[in-house]
Amino acid sequence: MARYNFKEAEARWQKLWAERGTFRVAADQARPKYYVLEMFPYPSGKLHVGHVRNYTMGDMVARYKRAQGFNVLHPMGWDAFGLPAENAAMASKIHPAEWTYANIATMREQLQRMGLSYDWSREIATCHPQYYRHEQKMFLDFLKAGLAYRRESWVNWDPVENTVLANEQVIDGRGWRSGALVEKRLLSQWFLRITHYAEDLLGSLPTLERWPERVRVMQENWIGRSEGARVFFGLAGRNDRLEIFTTRPDTLFGASFCALSPNHPLAAELAQGNPALADFIAECNRMGTSEAVLETAEKKGFDTGVNVLHPLMKDWSLPLYVANFVLMEYGTGAIFGCPAHDQRDLDFARKYHLKVRPVVLPPGADPHSFTVADQAYTEDGTIINSDFLDRLSVAEAKRAVVARLEALGAGQGTVAWRLRDWGVSRQRYWGCPIPVIHCALCGIVPVPEKDLPVELPLDVSFEKPGNPLDHHPTWKHATCPQCGGAALRETDTFDTFFESSWYFDRFCSPRSEKPFERADVDYWMPVDQYIGGIEHAVLHLLYSRFFSRALRDCGYLDVKEPFAGLFTQGMVCHETYQDANGQWLFPEEIHHDAEGRALDAQNRPVSVGRNEKMSKSKKNVVGLEAIVEGYGADTARLYLLSDSPPERDLEWTDAGIEGAWRYVNRLHRLVTEPPVALAPQGALPGELSPAAEKTRRAIHRTVAAVTDHIERFRFNSAVARIRELTNALEGLSDGLGAGAVMREGIEVAVRLIGPMMPHLAEELWQALGHERFLADEPWPAYDPALIVEDRVTVAVQVNGRLRATVELPRDADEATAEQAALALPEVQRAMEGKPMRKLIYVPHRIINVVV
RNA sequence: GCCCCUGUGGCGGAAUGGUAGACGCGGCAGACUCAAAAUCUGUUGCUCGCAAGGGCGUGGGGGUUCAAGUCCCUCCAGGGGCACCA
């Protein structure tokens, strides 16, 4: 028996697809388009099987849609700017560009060996000046449109590395690499005004019908719309006033204090004459902003000695604190505290011995005896102790108090957002330079468009900590485009999420001198099916939605929502292994003894940890090369698609890949050595034996079921249906019409498996005598008449318990069904001689005899 | 604390409110083989029974229904997201 030579076959078909340009596409108004995109990878080194699951799913969809007649755009590229390249430069003295391009070459080769149907002529790398020059232009347009601006902001500053860290890069208050205590620092940073679109980004979420619900919910929470009020408190002894934000204006009569953020301008002003306050503020700023720090930090306040005046009650004044838990970035950076109805305010009030005055009475509680001890009451109720609000509900009181505040000029109803503008400045080298020049005379001057791109210099040194662009001897020295005097370039670069916010547009016309050709984007966008990890539920997916809106407002395109359909796939996991010293071991360093215990190379016992996402640090990765060498790309693809539902995590096991490998060979054998001699191509099935007839129906049912499963992203179920079909074909023996049915069944199986195992499918398609590539064949159709059975097996229940089954004509009426059911001995026995009270008959499904 | 998801054989998982466990992995028995691997055939939820045939079964408890893995309430467990957001 000739085994399937996957190595030879996979290489050959990959070459043929490439030579014929099978997957090269161009916009074609006459044909319906379909844009399939997988989130492009960061070129970190090598691919492991976890990466490939994502691409296999995309390829599945792309090839399926192609067979359905769509003009399919399926591109691939590289999210090529980023910090790991700089770390490699520092560790191995290799230039980030060299490191990045070498990784791209390796990973492209790996992807090509998977037989993915990409249009490689559209490949892009975001670190290339031909790519990033366009986003420099976009940035200048954003500046003009007021969508980009520069302001001072508080950031996480690593004093050893001399750079800003993202919140994610601060672990337990320390820099993730340096281990230094992170400080808060006020720095001038560039921001993109994503908050300008907050309302629309939130309001459009319901239109994203083909997005997972939970991603929409996460974005909704992230944008965080809160209705409330701004309220103005007078400042005793001063002419100005304090503006606070609250969602509970109904509890204004329960106020005990007001509190400022340590970063509030008024706090800074008061600190000037108050060294103790200045010390307190400095202490607050030394604290990191990471979650872990916040969790353990004690709520602290500092009484400024200033009193604020209640806006609704004459002669009622409250103490003004500076408190470490009040955020400058949310609302107005100042709050009023109502301890009875807010837990945090209550804790604060107890600590500083402030009044706790209930103003919301829980339903059924006694107004004379109700008090708040250590649990704030935050539910609905009836307003008390609140002057004109008494006896109103919370909702009514909110409306009434806002109306009164507005009438008095002491406040107004407003909406607060959790969403903050996107800080895009990074003190890094390997990123897109921000195209502005700082002139001592003219201030900030945009680089003129004719001078774009501002290219990254390649001759940089990583010897000194901090940003190499800053240390470069010449690069940052420029002439001011306005006055012609000496000036300095901006040495910060963009956050790398900038690049990934529009790459899907660039794929539409990747070689254009413009960011993209309008006609191409109009044709291809939006992405019909986007596939990627849930980890981007907010970041990348929200930034891209923002970018599309910003580009639209700057006249670049018309698309508002870039991704019409989104699928978030599960991760690939593997067991973890640690030796006695706690060192992680690679799966290939492990073997098992007769009792199934895991041992290392020296036969020492190894502790087996839980299944986790494949990651380099825990070494629980399965390299792609070994799998493709040992089993072939198709086997890996089949396993990745068949073992778990796509949205769920998949556990990689040796037994699993072995099982897929067995099926590859089994299918190859079925086609090359069928149990029944195949009828010639195109022979119509004539008269059929009952077995052949039954098989033929199964073939058509399989086409219907597999098509439906693929449409619904049920790839594991689609594979199961195909296996069922080939099982049936293996069992078909010679008989009237068997050869014709065998050919039909085998050809259908090969065509259905095409998007999953494209090399094997092409190979078998050719072996079946076809000249055309399977990749160019349409998706199989089924005969609706053949998927309906003449006779159906119906379950028969007595009192809801299954007792027997009975075969009935498809359209049997209730009387026939009743007669057949009652004739069954199992039914008679179960009825125990009692008379039938009722009969439920659901045609094709069930008969339930109720006694 | 709030929100979301998940819970089905030894394992991954199927199942428009209508025959629970498709398909696969693993196990067991057999065929082939000098032997093994590979391959093939049969079998495989638990349980009582020689058998025929029963009983029990989708995390626990309750409910709706002729009928519940599926719908409702409640509890438990695991996973994820959000959180000094006023």
Side-chain angles (χ1 to χ4, degrees), chain A residues 1 3 212-218 220-222 224-226 228-229 244-249 251 258-259 261 289 291 293-295 297-299 323-327 329-338 341-345 347-348 378 416-420 534-535 537-538 638-639 642-645 647-651 653-660 662-663 665-666 669 705 709 714 716-727 730-731 793-806 826 829-830 837-851:
Chain A
M1 168 183 35
R3 261 212 172 180
E213 172 72 19
R214 69 176 174 144
V215 174
R216 291 195 303 237
V217 169
M218 281 187 205
E220 198 180 311
N221 292 338
W222 188 266
R225 183 181 195 273
S226 295
I244 62 99
F245 174 77
T246 180
T247 57
R248 294 296 301 274
T251 64
C258 282
S261 163
T289 51
E291 238 172 77
V293 170
L294 296 176
E295 196 120 322
E298 200 185 345
K299 311 276 175 285
N324 64 351
F325 61 86
V326 182
L327 303 174
E329 294 83 2
Y330 186 76
T332 61
I335 61 164
F336 89 88
C338 174
H341 306 291
D342 182 283
Q343 191 60 44
R344 198 185 36 213
D345 293 348
D347 297 343
F348 192 83
T378 56
W417 302 89
R418 213 194 75 105
L419 185 70
R420 293 174 211 167
I534 187 75
E535 67 270 21
V538 172
L638 179 68
Y639 178 43
S642 66
D643 212 54
S644 282
E647 69 280 7
R648 247 189 259 183
D649 289 351
L650 176 136
E651 184 193 349
T653 62
D654 290 347
I657 189 78
E658 288 283 349
R662 267 200 296 278
Y663 186 68
N665 286 296
R666 202 163 157 175
R669 202 177 325 117
H709 284 315
R714 313 290 302 268
N716 56 324
S717 294
V719 172
R721 290 287 90 77
I722 297 171
R723 292 183 91 131
E724 238 173 337
L725 173 62
T726 54
N727 287 349
E730 280 170 345
T793 304
V794 176
V796 184
Q797 300 178 334
V798 178
N799 287 340
R801 295 183 63 88
L802 181 74
R803 295 297 168 183
T805 58
V806 66
E826 296 94 332
R829 189 166 42 218
R837 289 200 324 213
K838 191 169 159 187
L839 184 111
I840 312 282
Y841 173 50
V842 182
H844 323 155
R845 291 209 177 271
I846 206 151
I847 302 166
N848 190 7
V849 181
V850 185
V851 295

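Owing to the predicted nature of the structure, the values given are computational and were not obtained by experimental measurement. Naming: A, B, ... by sequence-line order, numbering from 1 per chain.
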Counting only Watson-Crick or G-U wobble pairs whose two distances fall under 3.5 Å, which nucleotide matches [N]?
{"N": "B/rU16", "answer": "none"}
{"N": "B/rC82", "answer": "B/rG1"}
{"N": "B/rC28", "answer": "B/rG42"}
{"N": "B/rA77", "answer": "B/rU6"}

What nucleotide among [options] has an atom nearest to a side-chain atom of [X]?
{"X": "A/Ile846", "options": "B/rC23, B/rG12, B/rG18", "answer": "B/rG18"}
{"X": "A/Glu724", "options": "B/rG26, B/rC23, B/rA86", "answer": "B/rC23"}
{"X": "A/Arg344", "options": "B/rA14, B/rA86, B/rC82", "answer": "B/rA86"}
{"X": "A/Arg669", "options": "B/rU39, B/rC23, B/rC4", "answer": "B/rU39"}
{"X": "A/Leu802", "options": "B/rA20, B/rG7, B/rA86", "answer": "B/rA20"}
{"X": "A/Arg845", "options": "B/rU39, B/rU16, B/rG12", "answer": "B/rU16"}
{"X": "A/Val326", "options": "B/rA86, B/rU19, B/rA83", "answer": "B/rA86"}
{"X": "A/Pro645", "options": "B/rA14, B/rC23, B/rC40", "answer": "B/rA14"}
{"X": "A/Thr793", "options": "B/rC85, B/rC84, B/rU19", "answer": "B/rU19"}
{"X": "A/Asn324", "options": "B/rC25, B/rC84, B/rC40", "answer": "B/rC84"}

List the atom pairs, with distances to 0.1 Å, where a side-chain N or O of residues 841-851 of chain A and a protein N or O form a donor-acceptor pair under 3.5 Å, not counting sequence neighbours.
| residue | atom | partner | partner atom | Å |
| --- | --- | --- | --- | --- |
| A/Tyr841 | OH | A/Ala812 | O | 2.8 |
| A/His844 | NE2 | A/Arg810 | O | 3.4 |
| A/Asn848 | OD1 | A/Asn799 | N | 3.4 |
| A/Asn848 | OD1 | A/Gly800 | N | 2.9 |

(message) With a 4.0 Å cutoff (strictly under), does any side-chain N or O of A/Arg662 reach OP1 or OP2 of B/rG26?
(response) yes
What is the separation between atom [atom1] on [X] and atom [atom2] on [N], rounded to the nearest whole Å?
{"X": "A/Asp342", "N": "B/rC84", "atom1": "CG", "atom2": "P", "answer": "14 Å"}
{"X": "A/Ile244", "N": "B/rC85", "atom1": "CD1", "atom2": "P", "answer": "15 Å"}
{"X": "A/Arg248", "N": "B/rC85", "atom1": "CZ", "atom2": "C1'", "answer": "15 Å"}
{"X": "A/Glu730", "N": "B/rU41", "atom1": "CD", "atom2": "P", "answer": "7 Å"}
{"X": "A/Glu651", "N": "B/rG13", "atom1": "CD", "atom2": "C1'", "answer": "12 Å"}
{"X": "A/Arg648", "N": "B/rC11", "atom1": "CZ", "atom2": "C1'", "answer": "14 Å"}
{"X": "A/Tyr663", "N": "B/rA38", "atom1": "OH", "atom2": "C1'", "answer": "19 Å"}
{"X": "A/Asn727", "N": "B/rG42", "atom1": "CG", "atom2": "P", "answer": "10 Å"}

(request) Do nucleotides 61-72 of chain B as a string where each nucleotide becomes B, S or -: B if the base has a protein heavy atom under 4.0 Å, S if just the sugar-phosphate does, - if no protein is that close. (result) -----BS-----
(request) Summarise protein proximity over nucleotides 46-56 of chain B in one line of letters, 5' to 3': B for base, S for sugar-phosphate only, - for none, counting protein heavy atoms closer than 4.0 Å. (result) -------SSSS
What's the gap between [N] and [M] when it is taken at their [atom1] atoms, as a whole Å value?
{"N": "B/rG21", "M": "B/rU16", "atom1": "P", "value": "13 Å"}
{"N": "B/rG69", "M": "B/rG18", "atom1": "C1'", "value": "13 Å"}
{"N": "B/rU74", "M": "B/rG17", "atom1": "P", "value": "22 Å"}
{"N": "B/rC72", "M": "B/rG78", "atom1": "C1'", "value": "23 Å"}
{"N": "B/rC3", "M": "B/rA68", "atom1": "C1'", "value": "27 Å"}
{"N": "B/rU47", "M": "B/rG42", "atom1": "P", "value": "24 Å"}
{"N": "B/rC48", "M": "B/rG12", "atom1": "C1'", "value": "31 Å"}
{"N": "B/rA38", "M": "B/rC28", "atom1": "P", "value": "13 Å"}

(request) Take A/Thr246 and A/Asp649, find for each the nucleotide of RNA chain B with the closest heavy atom, and name the residue whose nucleotide sits nearer the 5' end. (result) A/Asp649
(request) Would you kindly compare A/Arg666 and A/Phe336 by the position of their nearest RNA chain B nucleotide and give the one closer to the 5′ end? (result) A/Arg666
(request) Any chance you could measure A/Ile722, atom CD1, to A/Leu638, atom CG, to the nearest 0.5 Å? (result) 8.5 Å
(request) Drop me the distance from A/Glu220's CD to A/Arg216's CZ, to the nearest 0.5 angstrom. (result) 9.5 Å
(message) Run the ring-ring contact (aromatic ring centres under 6.0 Å, His included) test against A/Phe336 and tell me which residues pass, sequence neighbours left out.
(response) none
(message) Please check this pair: side chain of A/Ser261 against backbone of A/Val326, looking for a donor-acceptor N/O pair closer than 3.5 Å.
(response) yes
At 4.0 Å (heavy atoms only), tell me whether [X] reaches a base, stays on the sugar-phosphate, or touches nothing.
{"X": "A/Arg225", "answer": "nothing"}
{"X": "A/Ser642", "answer": "nothing"}
{"X": "A/Arg723", "answer": "sugar-phosphate"}
{"X": "A/Arg721", "answer": "base"}
{"X": "A/Asn665", "answer": "nothing"}

Please give me the minimum heavy-atom distance between [X] and [Y], naming the atom from each residue.
{"X": "A/Ser644", "Y": "A/Leu650", "answer": "OG-CA, 3.9 Å"}
{"X": "A/Thr332", "Y": "A/Ile244", "answer": "OG1-CA, 3.2 Å"}
{"X": "A/Ser226", "Y": "A/Thr247", "answer": "CB-CG2, 4.0 Å"}
{"X": "A/Gly659", "Y": "A/Arg723", "answer": "O-NH2, 4.0 Å"}
{"X": "A/His341", "Y": "A/Arg248", "answer": "O-NH1, 4.4 Å"}
{"X": "A/Ile657", "Y": "A/Asp654", "answer": "CG2-O, 3.1 Å"}

Provide a list of protein-nucleic acid N or O atom pairs under 3.5 angstrom, restricted to nucleotides 30-32 of chain B.
none

(message) Under a plain distance cut-off of 3.5 Å, with no hydrogens placed, do A/Ser642 and A/Tyr663 share a side-chain donor-acceptor pair?
(response) no
(request) Taking the side chain as every heavy atom from C-beta outward, state whether A/Thr653 and A/Tyr639 have any atom pair closer than 4.5 Å. (result) yes
(message) Going by the glycosidic torsion and a 90 degree boundary from 0, is the base of B/rG9 oriented syn or anti?
(response) syn
(request) Quick one: list whatever passes side-chain contact (heavy atoms from CB on, under 4.5 Å) with A/Asp347, sequence neighbours left out. (result) A/Gln343
(message) Less than 4.0 angstrom from a charged side-chain N to a carboxylate O is my criterion; do A/Glu826 and A/Arg829 meet it?
(response) no
